[in-house]
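Remember, it's 1-based here, ligands and their atoms both numbered in the order they're listed. From a predicted model like this one, the values you see are computed outputs, not experimental measurements.
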Amino acid sequence: MKTRITQLLGIRHPIIQGGMAWVAEYHLAAAVSNAGGLGIIGAASAPPEVVRTQIQEVKKLTDRPFGVNVMLMNPNAPEVAQVVVEEGVPVVTTGAGNPGKFIAMWKEAGVKVIPVVASVAMAKMMERAGADAVVAEGMESGGHIGELSTMALVPQVADAVRIPVIAAGGIADARGFAAALMLGADAVQMGTRFVTARESIVHANYKERIVKAKDIDSEVTGRSTGHPIRVLRNQMSRDYLKMEKAGASFEELETLTLGSLRKAVMDGDVKGGSLMAGQIAGLVKQENTCEEIVEEIINGAKELLNRHFE
Ligand SMILES: Cc1cc2nc3c(=O)[nH]c(=O)nc-3n(C[C@H](O)[C@H](O)[C@H](O)COP(=O)(O)O)c2cc1C
């Protein structure tokens, strides 16, 4: 399947694995790239030298293009931005802020720059700043979210910019993929489905919570702090929401969640850890390899799209 995104990035299939803190390390990224999609290393708050090692490891496992997700609110972001250039990373996606000040440096180095946006205004601003594409991410997503749903956001962004749009949030199978194309997207980015991939290093307890999740099992913490995050409901989210309702300060809430995603990913602490996952968790029924996931979606979408145009 050829789209403006497969051409821009030099990949076979328009499926991108979201850059996820702790989850998206080099094994997962390499497996997605080897399956013909674009694997992404989530730099999150990792020190720049750890990100460099991750990049060097992914290069050992794949010859295909891959990316790095740079979280702009991380104080190390300028150093990570530099590592990306030094290591010749082909694609960067950015989260949590405006990457404007790094775009010129990245473009000069030939890095394709793809900011994650949650509104039309941000998408237009990123296009003006020189972005090659945008990820339009709806609030169905796992992790940090905006206000609009994918269904409403993607077509409005697609109408507002000329650069390609990648739809994210609530997509985990061929139907979601085909729908995203119909909304005007040139590719999809998936997070939750890839958390459960066989090659994902996420603890089995966390994967199991996603596989067993129902449609209504996610909730949003942190709305009062201006940093809403979608997670699966557990002891941690209940404690957080109770404190939030009681008017706890931003600092108190931050202290509660400190290291909580790491606890879930590495230790399998599904009570006190933060189980970031999207509304689509209810659709994810089993662990599959990245190749199985990509093939299932591409073959399924071909069939669906043909069926409708017969
Ligand atoms: C566990 C987890 C961690 C995430 N961490 C990040 C991150 O560090 N940076 C980022 O830009 N997006 C992050 N995201 C969002 C994903 O990259 C992706 O856009 C989102 O999961 C898509 O929605 P879906 O979960 O419905 O597939 C994260 C998502 C999850 C589930």
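- Under 4.0 Å is where a charged nitrogen must lie from a carboxylate oxygen, and between R52 and E86 at least one such pair does.
- When the heavy atoms of V231, T150, T192, L72 are ranked by distance to atom 24 (P) of ligand 1, first place goes to T192.
- The single protein non-hydrogen atom nearest to atom 23 (O) of ligand 1 is S141 OG, 3.2 Å, given as residue, atom name and distance.
- Using a 4.5 Å heavy-atom threshold, the side chains of L232 and S237 count as separate.
- Only side-chain heavy atoms of M71 come within less than 4.0 Å of ligand 1; its backbone N, CA, C and O stay farther off.
- With respect to atom 28 (C) of ligand 1, the closest heavy atom belonging to the protein is M20 CG, 3.5 Å.
- M276 is listed as a side-chain neighbour of I229, based on a closest heavy-atom distance under 4.5 Å.
- Partner L38 forms a side chain to side chain contact (heavy atoms under 4.5 Å, CB included) with one of I5, I16, T6, I15 and no other, that one being I16.
- Ligand 1 places these atoms under 4.0 Å from at least one heavy atom of M190: 27 (O).
- A side chain to side chain contact (heavy atoms under 4.5 Å, CB included) with F102 holds for exactly one of V111, V84, L72; it is L72.
- Ion pair E87/K59 flagged as a salt bridge, since at least one NZ, NE, NH1 or NH2 atom sits closer than 4.0 Å to an Asp/Glu carboxylate oxygen.
- Scanning the protein for heavy atoms near atom 15 (C) of ligand 1, the closest one is E137 OE2, 3.5 Å.
- Distance from atom 26 (O) of ligand 1 to its nearest protein heavy atom, with residue and atom name: G170 N, 2.8 Å.
- When non-hydrogen atoms are compared, ligand 1 lies under 4.0 Å from the side chain of Y206 (C-beta onward) but not from its backbone.
- Between I40 and F194 the shortest side-chain heavy-atom distance does not fall below 4.5 Å.
- None of K107, R162, K112 except one satisfies the salt bridge (Lys or Arg N to Asp or Glu O under 4.0 Å) rule with D132; the exception is K107.
- Under 4.0 angstrom from ligand 1, the non-hydrogen atoms of N69 all belong to its side chain.
- Side chains of V58 and K60 form no contact here, defined as non-hydrogen atoms less than 4.5 Å apart.
- Per-residue contacts place G18 under 4.0 angstrom from the following atoms of ligand 1 (heavy atoms of the residue considered): 17 (O).
- Close to ligand 1: G169, with a non-hydrogen atom less than 4.0 angstrom away.
- Where the criterion is an N or O separation shorter than 3.5 Å, residue side chain and backbone included, A21 meets it with respect to ligand 1.
- In terms of protein heavy-atom proximity, atom 31 (C) of ligand 1 is nearest to M276 O, 3.7 Å.
- Short contacts between ligand 1 and Q189, defined as distances under 4.0 Å to a heavy atom of the residue, involve ligand atoms 17 (O), 18 (C), 19 (O).
- Between G19 and ligand 1, a contact under 3.5 Å exists for at least one N or O pair.
- Considering both main-chain and side-chain atoms, T94 never comes within under 3.5 Å of ligand 1 through any nitrogen or oxygen pair.
- Taking Ile, Leu, Val, Met, Phe, Trp and Tyr as hydrophobic and joining them when side-chain heavy atoms fall under 4.5 Å apart, one finds M139 in a cluster with I145, V220.
- Side-chain contact check for T62 and N34: at least one donor-acceptor pair (N or O, by modelled atom type) lies under 3.5 Å.
- Counting only heavy atoms of the protein, atom 27 (O) of ligand 1 lies nearest to G191 N, 2.8 Å.
- Summary of contacts: the protein heavy atom closest to atom 29 (C) of ligand 1 is G142 O, 3.4 Å.
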